[in-house]
Amino acid sequence: GPMSSREDHDGGTGALSSFVETVTRELRQQIVSGRLAVGTRLTERSIAEEFGFSRVPVREALRILEGEGFVRTRSPRVRVVAGVDDADAGDLFDVRSTVETLTAARAAEHATDEQRAWLHAIVQEGQERLLRGELEALPGLNARLHTAIASAADSPMLLGLVNQIMPKVTWYYTAVVGERALSSWREHAELAAAIVAGDADEARHRMREHVAGTRFAYLDRTLRTASVTATAPVEEDAARSAGPATIDGSHRRDHAVWR
């Protein structure tokens, strides 16, 4: 129409695909970080206005994000931010325990001195942020560490696979960061130490245990949330004022965030 923006006229398909990529990446980041809350309605018009693009790349970006599981269609023409999904989580952890045990072992065999130093630096920063209670920084550092391990594996295919799943990994890690922060960064230190030592078997073992730890934390959170939700409708007001009586303060905070 007359209001359509520049890229419809002189950009061609190359520009259009880069607009699609920009919108997809930015929306994905906002969903993963929780800036766009679960259930938030996503309209083509408001997103197009926010980015200053036409609705064409926005429509395509939303389609991509729906395919990835970050967005869902609630009713015809109504798209909302999706919540983490248990079946999807199970598949993700299965993929991770296969792909990332490989990247860990390969990294132990192939990492350069510079890559080893980089792993050490990321672990150190993660532990410092943890000590300062800056939990919001940890999902990004977690992604950086796992991607750095994949880079050190010296396999473009493995790095490509890890890059592909990393937004989802960050999404699920963010959901359990309160429970997992301490143990996961201790595991990261042990994992990095095995890679730096060049011990492929130990690195593989440490990565398998690490992914299993996050899986258990996620399942535990899911079970807790389900039990809280099951009791919520009956005594909604009491639950809201006192929080669920059966779980401790940190979990109550968790419940408030996800309500």
Side-chain angles (χ1 to χ4, degrees), residues 32-33 84-111 115-131 133-155 157-224 250 254:
V32 165
S33 68
V84 290
D85 172 82
D86 294 350
D88 196 46
D91 288 344
L92 179 71
F93 289 120
D94 286 344
V95 169
R96 287 190 68 190
S97 59
T98 306
V99 173
E100 292 204 83
T101 49
L102 257 179
T103 61
R106 296 277 187 89
E109 293 163 348
H110 297 289
Q115 286 169 329
R116 291 190 178 111
W118 178 229
L119 291 181
H120 182 68
I122 299 170
V123 168
Q124 211 167 6
E125 188 182 344
Q127 291 180 326
E128 283 166 13
R129 294 294 192 108
L130 177 59
L131 281 173
E134 296 171 9
L135 296 191
E136 69 285 347
L138 297 181
L141 284 166
N142 180 69
R144 203 184 301 169
L145 181 70
H146 283 273
T147 307
I149 291 169
S151 299
D154 198 27
S155 161
M157 176 179 276
L158 289 175
L159 178 58
L161 288 169
V162 169
N163 279 330
Q164 202 179 332
I165 62 174
M166 206 37 65
K168 276 278 173 78
V169 169
T170 304
W171 205 26
Y172 288 103
Y173 184 75
T174 303
V176 295
V177 70
E179 299 92 325
R180 267 299 269 163
L182 200 60
S183 54
S184 69
W185 284 89
R186 188 171 59 238
E187 291 159 19
H188 283 156
E190 294 162 348
L191 174 59
I195 292 170
V196 169
D199 188 336
D201 286 337
E202 178 69 4
R204 186 184 288 114
H205 168 70
R206 292 291 182 183
M207 181 65 90
R208 186 174 292 116
E209 295 288 295
H210 175 61
V211 172
T214 304
R215 184 199 292 259
F216 287 132
Y218 176 78
L219 292 173
D220 183 50
R221 174 198 159 269
T222 308
L223 292 170
R224 266 207 329 274
S250 65
D254 186 61

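Everything numeric here is computed off the predicted structure, so don't read it as measured data.
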query = Are side-chain heavy atoms of Gln164 and Leu161 found at a separation under 4.5 Å?
reply = yes
note = Heavy-atom nearest pair, Tyr218 first then Ala89, reads CE2-CB, 3.5 Å
key: From CG (Leu141) to CG (Leu130), nearest 0.5 Å   = 10.5 Å
remark   = Value for CG (Leu102) from CE (Met157), rounded to nearest 0.5 Å, stands at 11.0 Å
query = Hey, does Leu145 have a side-chain heavy atom less than 4.5 Å from the side chain of Val123?
reply = yes
ask   = Which pair of heavy atoms, one from Arg180 and one from Thr214, lies closest together, and at what distance?
value = NH2-OG1, 3.1 Å
ask   = Side chains of Thr174 and Leu138: closer than 4.5 Å at any heavy-atom pair?
value = no
task = Drop me the distance from Met207's CE to Leu191's CG, to the nearest 0.5 angstrom.
result = 4.5 Å
Gap between atom CZ of Arg106 and atom OG1 of Thr103 - 0.5 Å precision = 9.5 Å
ask   = Looking only at heavy atoms, what is the nearest atom pair of Tyr173 and Ala181, with distance?
value = OH-CA, 4.2 Å
note = Between Leu159 and Ser151 the two heavy atoms that sit nearest each other are CD1-OG, 3.7 Å
query = Which atom pair, heavy atoms only, marks the closest approach of Ala148 to Ile122?
reply = CB-CD1, 3.9 Å
message = Please determine whether a side-chain nitrogen of the Lys or Arg among Asp94 and Arg215 lies less than 4.0 Å from a carboxylate oxygen of the Asp or Glu.
response = yes
message = Once rounded to the nearest 0.5 Å, what's the spacing between atom CG of Asp88 and atom CH2 of Trp171?
response = 7.5 Å
key: Trp118 atom CH2, over 12 foreign heavy atoms within 6.0 Å   = no
ask   = Is there a side-chain contact between Glu190 and Glu209, using heavy atoms and a 4.5 Å cut-off?
value = no
message = Looking at every non-hydrogen atom in both residues, tell me the closest pair between Ala108 and Ala194 and how far apart they are.
response = CB-O, 4.3 Å
ask   = So, does Arg129 use its side chain to make a donor-acceptor pair with the main chain of Glu134 at under 3.5 Å?
value = no
ask   = Counting heavy atoms not belonging to His120, are there more than 12 under 6.0 Å from its NE2?
value = no
Separation of His210 NE2 from Thr101 OG1 (nearest 0.5 Å) = 12.5 Å
